[in-house]
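Order of the sequence lines sets the chain letters (A, B, ...), proteins ahead of strands, with each chain counted from 1.
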Amino acid sequence: MTELKHVHAEERAHKSNAILHPQTPLQASAEPYTDEQLAQLNTDIDEIIARYPVKRSALLPILHLVQSVDGYVTGRGVRLCAERLGLTEAEVSGVATFYTQYKRHPNGDYTIGVCTNTLCAVMGGDLIFDAVSEHLGIGHDETTEDGKITLERVECNAACDYAPVVMANWEFFDKQTPESAVRMADDLRAGKDVVPTRGAAKVCTFKHIERVLAGFPDEHANEGVGAGEQSLEGLRLAHQNDWRAPGDEGGPLSEEPVQNTAITDETGGPLPGEPHSSADRQED
Amino acid sequence: MATTLTPVLTKHWDDPRSWTLETYQRDGGYQALDKALHTDPAALIDEVKNSGLRGRGGAGFPTGLKWSFLPEPDGGPRYLVVNADESEPGTCKDIPLMMATPHILLEGVAITSFAIGCNHAFIYLRGEVVHVYRRLMNAVQEAYDAGLLGKDIGGTGFDLDVTVHAGAGAYECGEETALLDSLEGRRGQPRLKPPFPAVEGLYARPTVVNNVESVASVPSIIANGADWFSGMGTEKSKGYGIFSLSGHVTRPGQYEAPLGITLRELLDMAGGVREGHELKFWTPGGSSTPIFTAAELDVPLDFDSVAAAGSMLGTRALQIFDDTVSVVHAVARWTDFYAHESCGKCTPCREGTYWMKQIMTRLEHGEGTAEDIETLLDVCDNIFGRSFCALGDAATSPVTSGIQHFREEFELGTHTPWWEAFPPEASALFPVATSKETVSA
């Protein structure tokens, strides 16, 4: 059971016309990169630039790369982008401040993003945000003092059939409750391995994920489910009723709902009833 | 006969390791590409035109026609850019498709590229879905290794490179010209059209921008023929599509069906509205499409029927809200979203969403004024049709349709906070313990 202890998110967020997503200005970092860092960055940047016919297209991935080293968009990172792409620092900053994934101050090791767009908010996302916020003692775009967790409100993350949704470093945690989200935050903070509902075998650090988002694959692509339960609702019903598209002779339908068994092994999601599993929200 | 489901795109989502090339090829994957590479590109475009496939990203523009708008080849590059920036509130079909079966998209990319004479295609994926990015990069690598991408594909002399690009968080980049600006390394802001991307798109070269589901539908059309595809759906909305049910429904999820299915039919399949509650309002195609009520349960979900009923089919993002939900709160939160995501380029959208947000907030708190409803409608009137892209228009949809169907709740907002009229714990999908003193602020 969730205890509703506090005022609604709206109450807090809208005081004096405050905005839901306040953001601070970019912070500069005067300390230069070490030679070693710079060599690696330049090698990676060369590889990114080579993906595109026009080098400015490399800017978004390079900003992700900067965050994979610095943990946010630093002044030195902006300068490096500008130098490598033949842009002004103002042009780079203008881009960096447009996109919400580029952080303006040091990010925690883990970003917990609670969806508070309408559907998730109504299904319980507001209550989840309040619970996590209260538990961690931080608000939107703030980081715990130990530097572990940054809390955010996020917009619709394309998983509405799994509402309410929480993202941890951009991995899916489906059908969450205040309890499951608070426990996830505690486990991440304690350095435990935390398993997304649909995603890698565990949540990786912010810097690790930022390197992937710069287009450098890690070894986790084959982990986790192909599709989650909700994604398969229609297909399951079609199987039950033998509904097919015209001309579909059937073919190799899976004998068992394989993905549901897959999530019980160590490479997939949690067992039902385990922390972070969908059972957390089952009505009693 | 009642409409039944037609799994095509979703057919293999439950295969073990559905995302791998091995699984995809075992089920016949890339045979359509092989067929396409031995077909005249113009005939491929005709086939897709004849299928009647309309864009699955919301606007519903005929896909084959879009391809045919490219000018004659001039020896310079032409591009395909896949819009995988799925961010419309309520929309959740492309992300599971790419996570489960990225190769169906890649096969569509290869066929489309061959048809339009493109040798470098891009998939612009929103950045907030890292595991989907992993799966796409993995699939691209598998395809290169198998000779399905790269140089001289299948010995036909056709070369194709595919770059998967991660965005960085901006709803606006789902608009095709903003997406192109973003892919060029700029702020994601829309361009004035014309020139359309077909003439001057990525790097000012002829470009086709198509939604993930549109491109993923191409292999089945090439494999089975235009008539097969157009045999499903309605007169002007051919084929199948993924319908995404979310919210207060017993079994939310993805239901692939012919266009023209109704919400009543889909709700029957999904176990109905949450037990003990009634349908209050729903979106047919995401938050940007005007809301419907129970009165529209039997409207065929195809482009024209939904438009005739006063909304838009959009992305078939069916968000279901039951009788516990405050319309003012729902609309206010969507308004927050549009204000947050307005790129700031056009004054009516940038300023209009800002002011609507102030008014909606007052109404949420029960502090609205007698003039607020008329002011909101006036602001909407000044936004609609006055911005470069559709975001501004979209921002007005929840407000105007909310007032149209539930004006009394907006009037309630002049004296009663939404959470007193509609306690939020009643809407949550998990049990919430409350007591009087903790609910009131």
Side-chain angles (χ1 to χ4, degrees), chain A residues 1-5 7-8 10-11 14 20-21 51 54 56-57 59-60 95 98-102 117-119 121-124 127 155-161 163 170-171 177 199-200 209 212-213 217 220-221 226-227 230-235 237-238 243 245-247 254 257-259 281, chain B residues 4-8 10 13-16 18-19 86 89-90 92 95-96 100 127-128 130-131 134-135 137-138 163 166 168-170 184-185 187 203 224 228 231 246-247 251-256 269 319 325 330 333-334 336-337 340 361 364 419 425 427-434 438 441:
Chain A
M1 279 288 186
T2 299
E3 191 79 24
L4 190 69
K5 297 195 197 93
V7 296
H8 302 295
E10 292 66 31
E11 273 298 281
H14 286 297
L20 277 176
H21 306 268
R51 296 176 199 152
V54 174
R56 181 164 178 163
S57 283
L59 181 53
L60 267 66
V95 171
F98 185 82
Y99 299 93
T100 50
Q101 280 185 291
Y102 298 135
N117 200 299
T118 298
L119 188 110
V122 167
M123 300 303 140
L127 300 172
E155 297 297 2
C156 184
N157 224 90
C160 317
D161 44 346
W170 308 117
E171 302 272 19
T177 66
I209 293 303
V212 177
L213 293 178
H220 300 298
Q230 253 58 59
S231 307
L232 296 175
E233 283 290 359
L235 185 59
L237 192 68
W243 290 338
S254 307
V258 177
Q259 298 305 337
R281 65 154 279 265
Chain B
T4 59
L5 298 176
T6 51
V8 176
T10 58
W13 285 12
D14 63 347
D15 281 353
S18 59
W19 60 89
E86 183 167 67
C92 47
I95 292 300
E128 303 104 319
V130 67
H131 206 55
R134 289 188 183 108
R135 290 268 163 91
M137 288 193 290
N138 186 60
T163 300
E184 291 182 1
R187 297 164 75 93
Y203 314 126
N224 301 303
W228 167 82
S246 62
R251 286 187 295 278
Q254 307 301 318
Y255 295 79
E256 191 175 4
M269 293 178 186
Q319 304 175 89
V325 181
R333 191 55 66 85
W334 279 323
D336 286 342
F337 166 74
H340 180 242
T361 301
E364 277 191 294
W419 55 88
E425 55 273 20
S427 300
L429 293 183
F430 42 79
V432 185
T434 58
T438 57

| task | Find the distance between CZ (Arg134(B)) and CG (Leu213(A)) and round it off to the nearest 0.5 Å. | result | 9.0 Å
| remark: Nearest heavy-atom contact between Ala100(B) and Ala227(A) is CB-CB, 4.3 Å
| remark: Between Asn117(A) and Pro89(B), the two heavy atoms sitting closest are ND2-CG, 3.5 Å
| request: Provide the closest heavy-atom pair for His340(B) versus Glu155(A) in the form atom of the first, atom of the second, distance. | output: ND1-OE2, 3.4 Å
| message | On a heavy-atom basis, which atom in Ala163(A) and which in Leu429(B) lie closest, and how many Å separate them? | response | O-CD1, 3.5 Å
| message | Looking at chain A, which one of Glu86(B), Met137(B), Glu128(B) has the largest number of heavy-atom pairs inside 4.5 Å, strictly under? | response | Glu128(B)
| request: For Gln254(B) and Asp161(A), run side-chain contact (heavy atoms from CB on, under 4.5 Å): C-alpha distance rounded to whole Å, both residues' side-chain angles, the deciding distance at 0.1 Å, then the answer. | output: CA-CA 8 Å; Gln254(B) 307 301 318; Asp161(A) 44 346; 2.8 Å; yes
| said: Evaluate Leu235(A) against Tyr255(B) for side-chain contact (heavy atoms from CB on, under 4.5 Å), listing each step before the verdict. | reply: CA-CA 7 Å; Leu235(A) 185 59; Tyr255(B) 295 79; over 6 Å; no
| query | Distance-only, no hydrogens or angles: does the Thr100(A) side chain make a donor-acceptor pair with backbone N or O of Gly169(B) under 3.5 Å? | reply | yes
| Got a donor-acceptor contact below 3.5 angstrom from the Gln319(B) side chain to the Leu119(A) backbone? | no
| field | Between Thr163(B), Asn138(B), Asn224(B), Val130(B), the one whose heavy-atom pairs under 4.5 Å with chain A are most numerous | value | Val130(B)
| request: Please round to the nearest 0.5 Å and tell me the distance separating atom NE2 of His220(A) and atom NE2 of His131(B). | output: 9.5 Å
| message | With chain A as the partner, which of Ser246(B), Gly185(B), Ala168(B), Gly253(B) has the greatest number of non-hydrogen pairs under 4.5 Å? | response | Ala168(B)
| request: Go through the atoms of Trp334(B) and report whether side chain, backbone, both or neither lie under 4.5 Å from a heavy atom of chain A. | output: both
| request: For chain B, find which of Ile209(A), Val122(A), Leu59(A) contributes the most heavy-atom pairs closer than 4.5 angstrom. | output: Val122(A)
| said: Can you give me the closest heavy-atom contact between Arg187(B) and Tyr99(A), atom names plus distance? | reply: C-OH, 3.6 Å
| field | Contact summary for Pro96(B) and Ser231(A), nearest pair of heavy atoms | value | CB-OG, 3.8 Å
